[in-house]
Colleague: 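Below is the structure I would like to discuss, written out as C-alpha cells.
Numbering starts at 1 and runs along the sequence shown.
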Amino acid sequence: MEITVLVADDDAVLRALVRDILAKEGFAVLEAADGRRAVDLFFDARTVDLVVLDVMMPFLDGWEVLREIRSHSEVPVLMLTALGDERHEVLGLRKGADDYVAKPFGYEVFVARVRALLRKTIQERSAALDVCGIRLDPTTRRVAVDGGTVELNRKEYALLSYFLHNRNRVLTREQILDAVWGRDYEGDARTIDTHVRMLRAHLGDRGDRIATVRGVGYRFEEEAG
C-alpha cells in the first residue's frame with residue numbers, strides 16, 4: 001500500500017525536511033524545486049495521492065500549479081504559506097486547495113494535516129479486494145483464489161494488485177513497468193510478459209481474466225469474455 005506525495009517548494013532545506021518527515025511516516029515522496037517541474041512530475045507519475053505545494057516558486061507559482069492540477073484532478077492539495085499570511089490561506093482555499101499549513105510548522109501538526117487529507121485513500125488502499133474469486137489482502141499480503149491460498153513473490157503480488165486496482169482498464173507495458181518495477185527500471189519490457197505468464201499460472205482458471213491487448217499491454221477483465 002504505497003502512498004505517494006508530491007512536494008513542491010524552491011527552498012531546498014524545507015523541501016528536505018518535508019521529505020524526511022513524510023518518508024518517516026512511510027510515504028513515497030516526489031520532489032520539485034519549481035512550479036513547472038511540479039506540473040511535469042504530477043502528470044508523469046503513475047499516481048500522486050497528495051500534493052504539498054508552496055505558494056512562491058520559480059517559473060510557475062503555487063496558484064498556477066494548483067490551477068493546472070485542478071483542471072484535471074481532485075487530488076488533495078496542502079498549501080504551505082508564510083506565518084500569519086491569512087490572505088494567501090483564504091485565496092488558496094477559494095482556488096481549490098484542501099488545507100494549508102503555515103511555515104514554520106511543527107512535526108505533529110504537519111503529519112496530522114497530511115493524514116487527515118489522506119484518510120480516505122489510506123482506508124481504500126488498506127481494504128481487502130475481492131474480485132472474480134480472487135482475494136487480495138494488503139494488510140497481510142495474502143492472496144487466495146476460490147478460497148485456496150496462493151503463494152506469490154513480491155513482483156507477482158504487486159502486479160496482481162495493480163491489475164485489480166485498475167480492472168477493466170487497458171494498461172500499457174510502460175504503465176505497468178512504472179507502477180510495478182519503478183520509473184528507474186532499465187530492464188527489458190518483456191519481463192512483464194514473463195511475470196504475467198507466471199501470475200496466470202498461479203491463478204489457475206482465474207488467470208484467463210488477464211487478457212492480452214495485442215500491441216499495447218494487458219487488461220484484467222471483471223466480466224468473462
Colleague: Nearest heavy-atom pair of L41 and E31: which atoms, and what distance?
Modeller: CD1-O, 3.1 Å
Colleague: Give the minimum heavy-atom separation between A97 and M79, together with the two atoms involved.
Modeller: CB-CG, 3.3 Å
Colleague: Is it true that R15 and D10 have a side-chain N and a carboxylate O under 4.0 angstrom from each other?
Modeller: no
Colleague: If I compare all heavy atoms of A8 with all of A38, which pair ends up nearest, and what's the gap?
Modeller: CB-CB, 3.7 Å
Colleague: Donor-acceptor pair, distance only, cut-off 3.5 Å: does the side chain of N168 make one with the backbone of E222?
Modeller: yes
Colleague: In Å, rounded to the nearest 0.5 Å, how long is the span from CZ of R154 to CZ of R141?
Modeller: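 R154 CZ to R141 CZ: 8.0 Å, rounded to 0.5 Å.
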Colleague: Run the salt bridge (charged side-chain N to carboxylate O under 4.0 Å, His left out) check on D146 and R206 step by step: do they pass?
Modeller: CA-CA 9 Å; D146 296 327; R206 303 295 181 175; 2.8 Å; yes
Colleague: Tell me whether L22 is reachable from Y107 by hopping between hydrophobic residues (I, L, V, M, F, W, Y) whose side-chain heavy atoms are closer than 4.5 Å.
Modeller: yes
Colleague: Take atom CZ in R167; do more than 12 heavy atoms of anything else shown fall under 6.0 Å from it?
Modeller: yes
Colleague: Using side-chain heavy atoms (C-beta onward) and a distance below 4.5 Å, is E151 in contact with T149?
Modeller: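 They are in side-chain contact.
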Colleague: Could you tell me how the ring of W181 sits relative to the ring of H195: parallel (under 30°), tilted (30 to 60°) or perpendicular (over 60°)?
Modeller: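 The arrangement is perpendicular - the two ring planes meet at more than 60°.
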Colleague: Report yes if the side chains of F105 and R113 come closer than 4.5 Å at any heavy-atom pair, otherwise no.
Modeller: no
Colleague: Rounded to the nearest 0.5 Å, what's the gap from CG on L118 to CG on L50? Could you check?
Modeller: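 Going from CG on L118 over to CG on L50, the span is 5.0 Å.
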Colleague: Quick check on R119: does its CZ atom have over 12 non-hydrogen neighbours (other residues, nucleotides or ligands) under 6.0 Å away?
Modeller: no
Colleague: To the nearest 0.5 Å, what is the distance between CG (D208) and CG (L203)?
Modeller: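 CG of L203 is found 10.0 Å from CG of D208.
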Colleague: CZ/R37 to CG/D44 distance, rounded to the nearest 0.5 angstrom?
Modeller: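 Output value for this atom pair is 7.5 Å.
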Colleague: Do E156 and M198 have side chains that get closer than 4.5 Å, going by heavy atoms?
Modeller: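 Yes. Closest side-chain heavy atoms under 4.5 Å.
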Colleague: Step by step, would you call H72 with F43 a ring pair (Phe, Tyr, Trp, His ring centres under 6.0 Å)?
Modeller: CA-CA 9 Å; H72 295 86; F43 288 106; 5.1 Å; yes
Colleague: Test side chain to side chain contact (heavy atoms under 4.5 Å, CB included) on E221 and F163 and set out the steps.
Modeller: CA-CA 9 Å; E221 298 180 339; F163 280 140; over 6 Å; no
Colleague: Quick check: do L171 and Y162 have side-chain heavy atoms less than 4.5 Å from each other?
Modeller: yes
Colleague: Do the side chains of P76 and V51 get nearer than 4.5 Å, heavy atoms only?
Modeller: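 Heavy-atom side-chain distance check fails, nothing below 4.5 Å.
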Colleague: Is there a donor-acceptor pair under 3.5 Å between the side chain of S73 and the backbone N or O of V75?
Modeller: yes
Colleague: So, N166 and Y218: side-chain donor and acceptor under 3.5 Å apart, yes or no?
Modeller: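 Note: N166 and Y218 side chains miss the donor-acceptor criterion.
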Colleague: Can you confirm whether F42 sits close enough to L30 that some side-chain heavy atom of one is under 4.5 Å from a side-chain heavy atom of the other?
Modeller: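 Not in contact.
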Colleague: Let me see the working for K103 and D54 under side chain to side chain contact (heavy atoms under 4.5 Å, CB included), right down to the final yes or no.
Modeller: CA-CA 10 Å; K103 299 182 288 185; D54 188 31; 3.0 Å; yes
Colleague: Measuring from atom CG of L80 to atom CZ of F110, what distance do you get when rounded to the nearest 0.5 angstrom?
Modeller: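 Rounded to the nearest 0.5 Å, the CG-CZ separation comes to 6.5 Å.
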Colleague: Quick one: does V7's side chain get under 4.5 Å of V5's, heavy atoms only?
Modeller: yes
Colleague: Between CG of L66 and CD of E64, what distance do you get to the nearest 0.5 Å?
Modeller: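 So the CG of L66 and the CD of E64 are separated by 11.0 Å.
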Colleague: Between R173 and I192, which heavy-atom pair has the shortest distance, and what is it?
Modeller: O-CD1, 3.2 Å
Colleague: So which of L60, D61, V65 actually passes side chain to side chain contact (heavy atoms under 4.5 Å, CB included) with W63?
Modeller: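 Going through the options one by one, the only one that passes is D61.
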Colleague: Measuring only between side-chain heavy atoms, which start at C-beta, is N153 closer than 4.5 Å to Y157?
Modeller: no
Colleague: Can you tell whether the side chains of R115 and D49 come within less than 4.0 Å, N to carboxylate O?
Modeller: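 Salt bridge between R115 and D49, a charged N being under 4.0 Å from a carboxylate O: no.
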Colleague: May I ask whether F27 and V111 are part of the same hydrophobic cluster, defined by side-chain heavy atoms of I, L, V, M, F, W, Y residues being less than 4.5 angstrom apart, directly or through others?
Modeller: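 Looking at the clustering, V111 is in the same group as F27.
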Colleague: Would you mind telling me which of L152, L160, V143, V145 makes a side chain to side chain contact (heavy atoms under 4.5 Å, CB included) with H202?
Modeller: L152
Colleague: Please say which of I3, V18, L78 ends up in a side chain to side chain contact (heavy atoms under 4.5 Å, CB included) with V114.
Modeller: L78
Colleague: Whether R209 engages the ring of F220 as a cation-pi pair (distance to the six-membered ring centre under 6.0 angstrom, angle to the ring normal within 45°) should be assessed.
Modeller: no
Colleague: For A23 and V29, work out which heavy atoms get closest and say how close.
Modeller: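 Smallest interatomic distance, heavy atoms only, reads N-CG2, 4.3 Å.
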